[in-house]
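Below, all heavy atoms of this structure are taken into account, side chains as well, without hydrogens, waters or symmetry copies. So that the names make sense, note that chain A is the first sequence line, chain B the second, and so on, each numbered from 1. What you are looking at is a predicted structure, and each value in this text was computed from that prediction instead of being measured.
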Protein chains: 2
Amino acid sequence: MNFPKRKQKILNKLDEYGEVDVKQLADELQISEITARRDLNQLAADGLLYRTHGGAAKVNPFEKPHDFANKTAQNAAVKDEICRVAARQINDGDVIFMDCGSTVFRLCQFIKNKKIKVITNSLPVIYELQNCAVSLNVIGGEFDKERQAVHGRMAIEHIAKYRASKAFLGVDGVSENGLFAHSEKEASITTAFATNSAYTYLLCDASKIGKEPYLRFGDLSLVNAIITDADKGKLMGIEERGVVILNAKK
Amino acid sequence: MNFPKRKQKILNKLDEYGEVDVKQLADELQISEITARRDLNQLAADGLLYRTHGGAAKVNPFEKPHDFANKTAQNAAVKDEICRVAARQINDGDVIFMDCGSTVFRLCQFIKNKKIKVITNSLPVIYELQNCAVSLNVIGGEFDKERQAVHGRMAIEHIAKYRASKAFLGVDGVSENGLFAHSEKEASITTAFATNSAYTYLLCDASKIGKEPYLRFGDLSLVNAIITDADKGKLMGIEERGVVILNAKK
DNA sequence: TTGTTATTGATTATTTTTGAACAAATTAAA
DNA sequence: TTTAATTTGTTCAAAAATAATCAATAACAA
């Protein structure tokens with residue numbers, strides 16, 4: 001039995017029972033335990049399941065059915081690790097910016113009982129945090145349906161009126177040459193967040209490191225720290241520029 | 001049983017009873033007490049619960065946002081009639097203000113296919129309209145959890161920058177003596193909406209007519225028309241002041 | 001054929017998880 | 001207040017799971 005077929009079986013099983021364990025999987029599929037583990041790791045890397053000790057679980061069986069939750073399911077495990085590290089940087093009393101990226105969204109779950117103020121342009125973030133301890137400030141302006149967030153001139157003006165102690169941002173790419181985005185819209189918002197916060201964290205998984213898509217919108221000096229699961233080797237050029245690297249490897 | 005599964009069980013239990021204690025948890029989940037403690041500590045670190053001596057408590061005593069849906073369900077039939085009439089006043093190309101009242105919220109369902117721009121401070125309205133034809137403008141500022149809407153000075157400033165062709169507003173009371181609200185917050189937002197739109201509609205069911213609760217915040221001249229299911233008799237004093245009455249009786 | 005590559009399994013070392021024992025801290029009681 | 005009972009954090013050890021390395025096999029192309 002080849003991998004694609006096993007993959008299908010594993011996912012079916014997972015869908016039915018909500019979880020699987022390595023031993024039982026190895027037995028049923030007539031493969032060794034290590035192969036079963038390798039399969040699970042590969043599926044976990046694709047964000048199709050959650051790897052646990054001894055097995056795996058469905059991505060999020062108790063998550064809300066919002067469509068933005070689905071988007072963030074890709075690489076959820078890695079993103080969660082990154083966000084755990086990020087959450088540890090946040091103290092009561094902080095005023096933080098959060099942008100509308102899928103990685104930053106996953107930060108919500110870890111800050112729900114912190115006594116902080118969150119300023120954001122992301123509808124999913126607002127929706128997720130509306131009933132918890134954090135105080136919310138909504139950035140006003142034109143609503144972008146695709147990104148489920150507010151963008152445009154008004155949004156930039158709004159941000160400029162506030163000062164945050166920390167900003168948590170995502171980008172489409174980052175290298176020693178600077179920060180990169182797919183669109184002008186996101187670039188200008190990100191820049192506004194960064195310039196109006198005392199300390200800026202970039203949250204990005206390994207896939208974004210070294211990528212330079214489309215638009216270079218800012219220098220590395222715009223951010224103070226990068227929280228990532230990428231290897232040291234890939235980050236050398238960036239660290240040399242004075243950016244703090246926070247490792248978020250599992 | 002692995003951690004993710006225990007995590008879910010703990011959270012479920014917490015959700016049901018509001019609190020758990022270590023001993024009982026260890027017993028029910030067939031784990032040692034120290035493991036139970038470790039689980040609770042980890043969940044607490046993620047902000048999913050509050051750690052107490054001997055156990056843990058739910059993180060947010062607040063209620064879920066369902067109460068908004070419940071509120072809108074009250075008198076739904078009457079409110080829908082009012083909103084049907086309101087929707088007929090809206091033409092393609094209009095720029096309209098919508099406030100955060102439960103009546104105005106029900107207007108959403110009737111305008112989803114109109115080619116208009118909606119400017120609102122109501123999170124439920126944004127959520128409801130995010131995936132349809134209307135273009136959305138989000139009013140920025142401090143988020144008020146109770147009302148699920150944005151209020152405050154920033155919101156007022158935001159509104160002042162726009163001009164709408166029509167505003168659709170709710171109030172807590174209206175009589176020939178003017179407009180009434182339960183709180184200063186809502187009053188100032190309503191005033192801002194009304195003064196920045198060419199034509200202002202008040203959406204209110206019969207229960208609001210003649211009521212004068214707490215704060216009188218504006219003259220009747222602030223509105224151009226009232227859409228209501230109330231009898232002509234109750235409205236005489238108001239109509240005399242030049243306010244157009246649109247009947248919305250079933 | 002031959003060499004290359006991908007897949008799988010076995011072995012070993014490492015990491016993670018768990019529980020027990022005990023000292024420190026906290027709460028409750030006298 | 002002091003004392004007793006709980007609860008907790010810490011350290012250590014055992015067990016389980018995992019990652020890493022290497023060898024065997026299968027699939028594939030030249």
Completion exercise
Residues pairing under salt bridge (charged side-chain N to carboxylate O under 4.0 Å, His left out) where one sits in residues 31-45 of chain B, two or more places apart or in two chains, turn out to be B/R6-B/D39

Check: protein-nucleotides 19-28 of chain D nitrogen or oxygen pairs below 3.5 Å:
{"unit_1": "D/dA19", "atom_1": "OP2", "unit_2": "A/N41", "atom_2": "ND2", "d": "3.2"}

Donor-acceptor list for residues 149-157 of chain B side chains, cut-off 3.5 Å, not counting sequence neighbours:
{"unit_1": "B/R153", "atom_1": "NH1", "unit_2": "B/E157", "atom_2": "OE2", "d": "2.2"}
{"unit_1": "B/E157", "atom_1": "OE1", "unit_2": "A/K161", "atom_2": "NZ", "d": "3.3"}

Handout entry: d(CG, A/D39; C1', D/dA17) in whole Å
Key = 16 Å

Fill in the blank from the handout: Those residues at least two apart in sequence (or on a different chain) that pass side chain to side chain contact (heavy atoms under 4.5 Å, CB included) with A/K208 are A/C204, A/D205

Handout entry: Gap between atoms CD and C1', on A/E33 and C/dG9 respectively (whole Å)
Key = 12 Å

Problem - With A/N137 via side chain to side chain contact (heavy atoms under 4.5 Å, CB included) - residues at least two apart - result: A/I119, A/H158, A/Y162, B/E142

Practice task
Using atom CD of A/Q42 as one end and atom P of D/dT18 as the other, report the distance to the nearest whole Å.
Solution key: 16 Å

Problem - Residues that A/T120 engages under side-chain hydrogen bond (donor to acceptor under 3.5 Å, both in side chains), provided they are two or more places apart - result: none

Handout entry: C/dG9 phosphate, OP1 or OP2, under 4.0 Å from A/T35 side-chain N/O
Key = yes

Problem - Euclidean distance, atom NZ of residue A/K5 to atom C1' of C/dT7 [Å, nearest integer] - result: 17 Å

Handout entry: B/K23 side-chain N/O to D/dT6 phosphate OP1/OP2 under 4.0 Å
Key = no

Give the table of side-chain donor-acceptor pairs shorter than 3.5 Å for residues 186-194 of chain A, with sequence neighbours excluded, one pair per line with atom names and distance.
{"unit_1": "A/E186", "atom_1": "OE2", "unit_2": "A/R147", "atom_2": "NE", "d": "2.3"}
{"unit_1": "A/S188", "atom_1": "OG", "unit_2": "A/E184", "atom_2": "O", "d": "3.4"}
{"unit_1": "A/S188", "atom_1": "OG", "unit_2": "A/K185", "atom_2": "O", "d": "2.9"}
{"unit_1": "A/T190", "atom_1": "OG1", "unit_2": "A/E186", "atom_2": "O", "d": "2.8"}
{"unit_1": "A/T191", "atom_1": "OG1", "unit_2": "A/A187", "atom_2": "O", "d": "2.8"}

Problem - Whether A/D229 side chain and A/A206 backbone form a donor-acceptor pair below 3.5 Å - result: yes

Exercise for the section: Could you tell me the separation between the CD1 atom of B/I31 and the C1' atom of D/dA16, rounded to a whole number of Å? Expected result: 17 Å

Donor-acceptor list for residues 165-181 of chain A side chains, cut-off 3.5 Å, not counting sequence neighbours:
{"unit_1": "A/S165", "atom_1": "OG", "unit_2": "A/D94", "atom_2": "OD1", "d": "3.0"}
{"unit_1": "A/S165", "atom_1": "OG", "unit_2": "A/V95", "atom_2": "N", "d": "3.1"}
{"unit_1": "A/S165", "atom_1": "OG", "unit_2": "A/V95", "atom_2": "O", "d": "3.0"}
{"unit_1": "A/K166", "atom_1": "NZ", "unit_2": "A/Q89", "atom_2": "O", "d": "2.8"}
{"unit_1": "A/K166", "atom_1": "NZ", "unit_2": "A/D94", "atom_2": "OD2", "d": "2.7"}
{"unit_1": "A/D172", "atom_1": "OD2", "unit_2": "A/H182", "atom_2": "N", "d": "2.8"}
{"unit_1": "A/D172", "atom_1": "OD2", "unit_2": "A/H182", "atom_2": "ND1", "d": "3.2"}
{"unit_1": "A/S175", "atom_1": "OG", "unit_2": "A/N177", "atom_2": "N", "d": "3.0"}
{"unit_1": "A/S175", "atom_1": "OG", "unit_2": "A/E212", "atom_2": "OE2", "d": "2.5"}
{"unit_1": "A/N177", "atom_1": "ND2", "unit_2": "A/E212", "atom_2": "OE2", "d": "2.8"}

Please list each protein N or O that sits under 3.5 Å from an N or O in nucleotides 25-30 of chain C, with the distance.
none

Problem - Gap between atoms CG and P, on A/L29 and C/dT8 respectively (whole Å) - result: 11 Å

Completion exercise
Separation of C/dT18 atom P from B/L40 atom CG, nearest Å, is 13 Å

Practice task
Kindly say whether A/P213 contributes a backbone atom to a donor-acceptor pair with the side chain of A/R216 at under 3.5 angstrom?
Solution key: no

